[in-house]
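Everything on this sheet refers to the single structure shown next.
Chain letters run A, B, ... following the sequence lines, proteins first, then strands; residues in each count from 1.
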2 protein chains.
Amino acid sequence: MDLTDRTIIEKLTRDSRIHCTEIASELGVATSTVHKRVNQLYNDGVIEQFTIILNPEKSGTALTTFIGINVDSGRKDEVINTLKSLNNVLEVYELLEPYDIFVKVRTRDISELKENVLRVIANTKGVLNTSSILTTRRHKENACITKNGD
Amino acid sequence: MDLTDRTIIEKLTRDSRIHCTEIASELGVATSTVHKRVNQLYNDGVIEQFTIILNPEKSGTALTTFIGINVDSGRKDEVINTLKSLNNVLEVYELLEPYDIFVKVRTRDISELKENVLRVIANTKGVLNTSSILTTRRHKENACITKNGD
DNA sequence: TTTGAAATCCGAGGGAA
DNA sequence: TTCCCTCGGATTTCAAA
């Protein structure tokens, strides 16, 4: 992970469709060098995924909710696996406190949140209680850090 | 947003580098059609960004923290703008309760969290109090929903 | 709005420094 | 590792339906 790698990552973070040729010319190296670096970063697992960020409102998942969950410590892994399998659950984290698990959820609206997510969580063995944090507006959303001021 | 658009979005969500030709052949339409649809989705703002997801540990931002912030209601927009400008702050949401603002943060470690983020927030006019939720492990992270089971 | 063809340009791999 | 070169294939455009 030298400066070349970090520059490549930064450019791909801003636009993952950018051509290797463009990165190469800005870096002053050969296209094939950039090409191989990108593959290496991907194979090493530094880059996990090439993806897109959708506008939640325009793509039909307007409601973003964070949910804290407390569980029987013995069933934590089961619960996590159940959560991971839910399509509306975008992110799953483990914590120490005040919850055991914390998830980020996107749904069309509150009724979909209840039906597709909260109901499933409540019915999952090992779940003790949940606490939902509903958001009303999204002001920024990046998948990862872009060094340098925008 | 018909079935064609949704299929394109789903494929780009899984891999934003996928070729238009591949999407086209699976959909049974012309490559140029897919090409135009992708551009349209981007111009319409449905697709906000083509980006990558980095492994936090391997890319030097191992610590994911969520922070709830309460503010003077008159200074909410100022605070939000300050937060948006911070590189380590990946996501910024507005809520009704129990906080006014909720952010997702990535830093190298706790000391960077304190220096680059918590200190700045504490010194921002209008901030009443903050509450940090530190995560210990990431089990899933997607930028948006992928319909159909993985 | 979609299509199909044409021209340009890019990605991918192998061999040399 | 990086660079150069080349080929196969993708992107992009445009006129026509």
Shortest side-chain distance from A/Val29, nucleotide among D/dT11, D/dC3, C/dG11: D/dC3
Polar contact flag, side-chain donor to acceptor under 3.5 angstrom, B/Arg106-B/Thr64: yes
Protein-nucleotide distance (B/Ile18, atom CD1; C/dG11, atom P), rounded to Å: 16 Å
Side chain A/Ser32 and base C/dG11 donor-acceptor under 3.5 Å: no
Length of the CZ-C1' vector between A/Arg17 and C/dC10, whole Å: 15 Å
B/His19 NE2 - C/dG11 P separation (whole Å): 9 Å
Shared hydrophobic cluster, B/Val89 / B/Val71 (ILVMFWY, side-chain heavy atoms < 4.5 Å): yes
Interatomic distance, A/Ile23 CD1 vs D/dC3 C1' [rounded to whole Å]: 17 Å
Bend angle of the helix from C/dT1-D/dA17 to C/dA17-D/dT1, from helix axes over five pairs at each end, nearest 10°: 30°
Nucleic acid contacts - residues 35-46 of chain B versus DNA chain C, non-hydrogen atoms under 4.0 Å: B/Lys36, B/Arg37
Test: B/Arg37 and B/Asp2 ion pair at under 4.0 Å: yes
Rounded distance in Å - CD1 (B/Ile8) to P (D/dT11): 12 Å
From CD1 (B/Ile53) to CG (A/Leu12), nearest 0.5 Å: 13.5 Å
Sugar-phosphate, base or nothing in reach of A/Thr21, heavy atoms under 4.0 Å: sugar-phosphate
ILVMFWY cluster, A/Leu95 and A/Ile69 together (side-chain gap under 4.5 Å): no
SB check B/Arg138 A/Glu91 (cutoff 4.0 Å): no
Heavy-atom neighbours of B/Ile110 CD1 exceed 12 at 6.0 Å: no
NZ/NE/NH1/NH2 to OD/OE distance under 4.0 Å, A/Arg119 and A/Glu115: no
Aromatic ring pairing A/Phe66/A/Phe102, orientation class (parallel under 30°, perpendicular over 60°, tilted between): parallel
Donor-acceptor pair (no angle test) under 3.5 Å: A/Thr31 side chain, D/dC3 base: no
